[in-house]
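Report on the structure given below.
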Amino acid sequence: MEGLENKGAVPLMKWKSDFSRTFQHYLDRSTPCTMERWLGTLGVAMIYVLRIYYVQGFYIVTYGLGIYILNLFIGFMSPSIDPELEALNTAALPTRGSDEFRPFVRRLPEFKFWYSVTKAFVVAFIMTFFSVLDVPVFWPILLCYWIFLFVLTMKRQILHMIKYRYVPFNIGKPRYGKKSSESSSSGRRSD
C-alpha cells in the first residue's frame with residue numbers, strides 16, 4: 001500500500017519542482033525590468049479594484065491588504081540599520097556633512113517589496129471568491145481609519161528621515177559609471 005502512495009507522490013513532487021524552477025527563472029529574468037514589473041502589478045491591482053467594485057464587498061480584505069502594503073512601504077523607505085537603535089554602529093547612516101558617505105541600504109529591497117505587493121494583491125483577489133470573508137462593514141469608516149494610520153505613519157517616517165538626513169529614493173541623485181565610455185572618448189583629442 002505504501003508503494004502505491006509513493007508512486008502517486010513522485011510525479012506531483014516532480015511537477016512542483018519543475019514549476020518552482022520555471023517560476024524562479026521568470027522571476028530572475030524580471031529583476032532588471034523594474035518599470036515593466038510595476039506596470040504588471042498596477043494591472044493586477046486594477047483587476048482587484050474592479051473585482052471589489054463589481055461585488056460591492058470584501059472591504060475587510062481590502063483594509064487588511066492596505067495595512068499590509070503600508071507596512072511593506074515603511075520597510076521599503078526605512079534604512080536597514082536604524083540610526084536611532086544603532087547609534088554606536090559603524091555602518092550607520094552619516095548624520096553630519098563631515099561623515100563618510102554611505103549609500104542608502106533599504107530594510108526591504110525594491111524587488112522583495114514589489115514581489116510582496118504583487119503576491120498580496122493576488123492572494124486578496126483569491127480571497128474575494130470565498131463568501132465567508134465578506135464581512136459586512138461600513139467601508140467609509142475603514143477608509144478614514146486607514147487614511148488616519150497612513151498620515152500618522154508617514155509623518156513619523158518623514159520626521160525620522162529629516163532627523164537622520166536620508167532620502168530613500170534615487171530621484172535627482174548623480175549616477176556614476178554609465179558615462180565612463182563617454183568620458184573616455186571625450187578625453188581623447190581629435191587630430
Side-chain angles (χ1 to χ4, degrees), residues 1-82 85-86 89 91 102-137 139 142-143 145-147 149-150 153-154 157 168-171 175 177-178:
M1 187 77 169
E2 287 181 21
L4 291 175
E5 291 174 4
N6 239 357
K7 288 182 182 179
V10 171
L12 182 64
M13 289 174 52
K14 183 180 178 338
W15 178 84
K16 181 180 175 188
S17 173
D18 290 345
F19 177 77
S20 176
R21 193 173 315 120
T22 303
F23 183 71
Q24 188 61 47
H25 171 74
Y26 285 112
L27 271 181
D28 292 343
R29 285 186 62 196
S30 72
T31 302
C33 307
T34 307
M35 182 65 74
E36 292 84 357
R37 285 189 284 117
W38 281 106
L39 287 174
T41 299
L42 182 64
V44 170
M46 293 306 298
I47 291 170
Y48 177 76
V49 168
L50 287 173
R51 169 81 177 148
I52 295 301
Y53 179 76
Y54 175 71
V55 297
Q56 294 291 312
F58 296 98
Y59 302 120
I60 292 290
V61 173
T62 305
Y63 177 72
L65 175 67
I67 294 295
Y68 180 70
I69 291 174
L70 178 61
N71 185 32
L72 290 173
F73 186 64
I74 294 301
F76 176 70
M77 290 184 52
S78 300
S80 65
I81 299 171
D82 191 357
L85 301 176
E86 302 285 333
N89 191 343
R102 291 187 180 89
F104 183 78
V105 179
R106 299 177 189 284
R107 184 171 11 132
L108 182 65
E110 183 272 334
F111 185 81
K112 288 184 180 180
F113 176 57
W114 164 79
Y115 184 67
S116 297
V117 167
T118 305
K119 193 165 50 169
F121 271 110
V122 170
V123 168
F125 180 76
I126 292 170
M127 290 172 77
T128 63
F129 291 98
F130 298 98
S131 61
V132 71
L133 299 173
D134 190 11
V135 179
V137 293
W139 68 266
L142 288 179
L143 181 62
Y145 187 59
W146 186 86
I147 291 171
L149 281 175
F150 179 80
T153 306
M154 291 311 297
Q157 186 67 31
F169 303 107
N170 293 335
I171 299 170
R175 294 183 182 220
K178 289 191 175 191

Contacts under 3.5 angstrom, residues 10-18 side chains, donor-acceptor by atom type, not counting sequence neighbours:
| residue | atom | partner | partner atom | Å |
| --- | --- | --- | --- | --- |
| K14 | NZ | D18 | OD2 | 2.9 |
| S17 | OG | R21 | NH2 | 3.1 |
| D18 | OD1 | R21 | NH1 | 3.4 |

Fill in: Under the ring-ring contact (aromatic ring centres under 6.0 Å, His included) test, residues paired with F23 that sit two or more places apart
none

Fill in: Closest non-hydrogen atom pair between R29 and C33, with its separation
O-SG, 4.1 Å

Worksheet item: Of all residues at least two apart in sequence or in a different chain, which pass the side chain to side chain contact (heavy atoms under 4.5 Å, CB included) check with L50?
Response: none

Item to complete: Calculate, to the nearest 0.5 Å, the distance between atoms CE and CG belonging to M77 and L72 respectively.
Response: 13.5 Å

Item to complete: Mind running ring-ring contact (aromatic ring centres under 6.0 Å, His included) on W38 and F113 for me, showing each step along the way?
Response: CA-CA 10 Å; W38 281 106; F113 176 57; 5.5 Å; yes

Discussion item. Using the rule given for side chain to side chain contact (heavy atoms under 4.5 Å, CB included), can you reason through I74 versus M154, listing the C-alpha separation, both sets of side-chain angles and the distance that settles it, and then say yes or no?
Written reply: CA-CA 8 Å; I74 294 301; M154 291 311 297; 3.9 Å; yes

Worksheet item: Among pairs that include at least one residue of residues 53-79, which meet salt bridge (charged side-chain N to carboxylate O under 4.0 Å, His left out), considering only residues two or more places apart or in two chains?
Response: none

Worksheet entry | Residues which pass side chain to side chain donor-acceptor pair (under 3.5 Å) with T62, listed by chain and number, not counting sequence neighbours | Y48

Discussion item. Holding to side chain to side chain contact (heavy atoms under 4.5 Å, CB included), I want the full list of residues that pass it with V49, two or more places apart in sequence or in another chain.
Written reply: none

Discussion item. Please list all pairs meeting side chain to side chain donor-acceptor pair (under 3.5 Å) that have one or both residues in residues 116-126, counting only residues at least two apart or in different chains.
Written reply: T41-T118, W114-T118

Worksheet item: With Q24, which residues qualify under side chain to side chain donor-acceptor pair (under 3.5 Å), at least two apart?
Response: D28

Worksheet item: Does W146 have any side chain to side chain donor-acceptor pair (under 3.5 Å) partners at least two apart in sequence or in another chain, and if so, which?
Response: none

Fill in: Side-chain donor/acceptor of R37 to backbone N/O of S30, under 3.5 Å
yes

Residues 51-58 side chain polar contacts: donor-acceptor under 3.5 Å, at least two apart:
| residue | atom | partner | partner atom | Å |
| --- | --- | --- | --- | --- |
| R51 | NE | T128 | OG1 | 3.0 |
| R51 | NH2 | T128 | O | 2.9 |
| Q56 | NE2 | Y53 | O | 2.6 |

Fill in: Gap separating the CG atom of L108 from the CG atom of N71, nearest 0.5 angstrom
9.0 Å

Practice prompt. Going by the side-chain contact (heavy atoms from CB on, under 4.5 Å) test, name the single residue among I67, V61, I69 that passes it with L65.
Written response: I69

Worksheet entry | Donor-acceptor contact present, side-chain R106 to main-chain F76, <3.5 Å | yes

Response to the item:
Residues at least two apart in sequence or cross-chain that pass side chain to side chain contact (heavy atoms under 4.5 Å, CB included) with T31, listed by chain then number, are F111

Fill in: Any side-chain donor near an acceptor of the partner, R107 and S80, under 3.5 Å
no

Worksheet item: How would you list, by chain and number, every residue that makes a side chain to side chain donor-acceptor pair (under 3.5 Å) with Y63, sequence neighbours excluded?
Response: none

Worksheet item: In Å, rounded to the nearest 0.5 Å, how long is the span from CD1 of I60 to CG of L133?
Response: 10.5 Å

